[in-house]
Protein chains: 4
Amino acid sequence: MPRPGRPAGPAPDTSTVVLTAALELLLTEGAAALTPQRLHTATGVSRTTIYRHWPTPHALLCDLIEVAPARTHVPSGDVRRDLHSEVDLLCDRLRDKPVGGFLQALVAAASVDPDTAELRRRYVEDLLAPFHAALAHTAPDEAARTDAAMSIAAPLLVDALLLGRPAHRDRAHRTVDEVLERVPRT
Amino acid sequence: MPRPGRPAGPAPDTSTVVLTAALELLLTEGAAALTPQRLHTATGVSRTTIYRHWPTPHALLCDLIEVAPARTHVPSGDVRRDLHSEVDLLCDRLRDKPVGGFLQALVAAASVDPDTAELRRRYVEDLLAPFHAALAHTAPDEAARTDAAMSIAAPLLVDALLLGRPAHRDRAHRTVDEVLERVPRT
Amino acid sequence: MPRPGRPAGPAPDTSTVVLTAALELLLTEGAAALTPQRLHTATGVSRTTIYRHWPTPHALLCDLIEVAPARTHVPSGDVRRDLHSEVDLLCDRLRDKPVGGFLQALVAAASVDPDTAELRRRYVEDLLAPFHAALAHTAPDEAARTDAAMSIAAPLLVDALLLGRPAHRDRAHRTVDEVLERVPRT
Amino acid sequence: MPRPGRPAGPAPDTSTVVLTAALELLLTEGAAALTPQRLHTATGVSRTTIYRHWPTPHALLCDLIEVAPARTHVPSGDVRRDLHSEVDLLCDRLRDKPVGGFLQALVAAASVDPDTAELRRRYVEDLLAPFHAALAHTAPDEAARTDAAMSIAAPLLVDALLLGRPAHRDRAHRTVDEVLERVPRT
DNA sequence: ATTTAACCGAGACGGTACGTCCCGTCTTTAC
DNA sequence: GTAAAGACGGGACGTACCGTCTCGGTTAAAT
């Protein structure tokens, strides 16, 4: 039963203009720059409008995380090859701003707003998911597979986020091989 | 040639009062709360004085990082036992505020001020150092030892910082054993 | 020749609902509260509709001044008695919100919008009119009658509006008598 | 016992600049224009500073009422002459902005903020005071003197404030004479 | 004991951003 | 055509910090 009146929510234009500018800002200047004021000066959309639709930083990040470029999907062949290509993919994504910057921003935002911590968790798990998927049909138990995925991916995240250096790609490839030695292949 | 007049620098009292309050603030409310204003209301030391001695947030963090409780040193016995105890120690430290919170705050601060990124790197490397040390006399080459240390410690950091959950202690212990299987012991 | 379509102007419901709410608002919260926004939240009538029918605050006050309770008319007997009863009536009206508040609000509104000054003038003259009427057949010249009316009524208005105290009824009655001593009766 | 630190309160410069601009604004554009924003654009003094020292409109009016040009004092000779000259003086003051505008502003401000009503009362009583003073040694009782003062002055105030027309000087002079006929002179 | 340089506190001041509120206009939809 | 719902830009509001500054009083060394 449609009520009268203009449909709620931002007009499509407004939404895309603001969100793309937000992503841009986030990646070029970090999470701290992601303020209504900055979005206003960057887009020309009035501060009022921005507050109307995204009253909290969290609301913005929520919308943003869906706009952010989805990871390129890899259908998969055999386990080893899949893992290696996932390693390369993750390294690339961490190097290029879109993922590394986003993650950095999420961590910073989560340190202020506890609600955002949940977003951060989901985002990180999405990054780890491909490794779990690739390992799906290998190890006997769930725990072992999680161990393996973490061993491979965690060092890359630490490189990029905590040590501020490029993800150490070769080491990750070596780790893949070592992991597979211990794991019965299908 | 000592000039006359009162020696420069904050009086010892002022310094300790401010720095302990700063640490407290950092850990309970995050890096964003670490402002002269907040320090003033927390300590009663006047804003003017704080600005005088720590003109930038970075300066404060610099002094702070030296005050922060140094890690308890473990003089080593054999490799396996050392690694296991380092794992336990790191897990404990990440669970307790002083380290986990400090790290979180550093990451957030670094996302605003690039200078602080260096502090963050040093702090993380200090966390990883014990693992390097424990492995010092094992693997043939430097790279292999770094790989090993990262495999063990990185997943713990990712748990604590990015997934917001307690560091997965058992997995780390398993990883220690797996790593040692591959590494020729001395 | 009635044109097709719905007749112009607000539906009777809308009009009365809005105007009564407007009067209520004006008297309880003053002229500054008389905004479309407030009327909307008070009545449920949509902001759009209110803007359509009363584009300016002035338009609202115009309609409102006609809705406002008209003074109770006193068909006269002799001059003295009429004047005394008019004094009592004016004192009562100034004490009760509907007139005292309305006048207060008009003065405030006029200080913002010059157009409203005209409304204010008309309203005040309506308050003074009964005194002129009662004196109609007394004094020789127009000027003397106006003097007399003002001497009686003005102090009451000053009491209520400028000194924020109840109109000084007794004094006004005394003034009536003094005035009549000087004025030849018909 | 002087506490350390800079003396509290606005610097003399700031104070005079703001208050003179405030008076100017009040008289040329009315009470509604007397906002921190307007004062800022008019004086260049920052909005923050203005809020610091005059947090409410009431605070501003308080300071302003003391800056506002004090009435020219008339030492007095005989009663009749004093009253006539006071009438002329009041008419002049009501005609020239400084008093008429100020009063208008006070009435408008008081209709929003009850605290300001007190200021308004004091201001009006200051306007009436000279008439009381002139009559001081005439009538037998206090009440009669108050009656007389109000009969003379109130119509002038009503003219200027409520009817928006120049104060009716001649009528007031006539009233003075009528009043004095009834009052035993010293 | 003076000098002298620095500390320290209180607060003014300009500036920027915040988040809120209301305004007046408009667009979209339903009746 | 009325009415409702709501987007949108604009402006002011009052608040909170920021970083700098100007005052005044205090303290601790070196002479």
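Every chain is numbered from 1, with letters handed out A, B, ... down the list of sequences.
One interatomic measurement links the two molecules: CG of B:Leu39 to C1' of E:dG9, which rounds to 16 Å at whole-angstrom precision. The nearest whole Å value for the distance from the NE2 atom in C:His40 to the C1' atom in E:dT25 is 16 Å. Regarding D:Leu25, its CG atom lies at a distance of 13 Å from the P atom of F:dA12, rounded to whole Å. Protein atom CZ of A:Arg6 is 17 Å distant from nucleotide atom C1' of F:dA3, rounded to whole Å.
Of the two residues near DNA chain F, A:Ser15 and D:Arg38, the one whose nearest nucleotide lies more 5' is A:Ser15. Place A:Pro36 and D:Asp13 on DNA chain E by their nearest nucleotides, and D:Asp13 ends up nearer the 5' end. Position along DNA chain E of the nearest nucleotide to B:Thr14 versus D:Thr14 favours B:Thr14 as the more 5'-ward residue.
Residues meeting the side chain to side chain donor-acceptor pair (under 3.5 Å) test with A:Gln37, sequence neighbours left out: none. Residues passing the side chain to side chain donor-acceptor pair (under 3.5 Å) test with D:Thr116 are D:Asp113, sequence neighbours excluded. Under the salt bridge (Lys or Arg N to Asp or Glu O under 4.0 Å) criterion, A:Glu24 pairs with no residue, sequence neighbours left out.
Of the residues in residues 42-60 of chain D, those placing a heavy atom less than 4.0 Å from an atom of DNA chain F are D:Arg47, D:Thr48, D:Tyr51, in numerical order.
Set against F:dC17, E:dC22, E:dC13, the side chain of B:Gln37 has F:dC17 as its closest nucleotide.
In this structure, A:Arg120 and A:Ala110 approach most closely via the heavy-atom pair NH1-CB, 3.9 Å.
Contacts classified as side-chain hydrogen bond (donor to acceptor under 3.5 Å, both in side chains) and involving residues 38-49 of chain D (residues at least two apart or in different chains) are given here: D:Glu29-D:Arg38, D:Ser46-D:Thr49.
Phosphate proximity of F:dC13 to D:Thr35: present, with a side-chain N or O under 4.0 Å from OP1 or OP2.
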List, one per line, each side-chain donor-acceptor pair under 3.5 Å for residues 4-18 of chain A, sequence neighbours excluded.
unit_1	atom_1	unit_2	atom_2	d
A:Thr16	OG1	A:Pro12	O	3.3
A:Thr16	OG1	A:Asp13	O	2.9

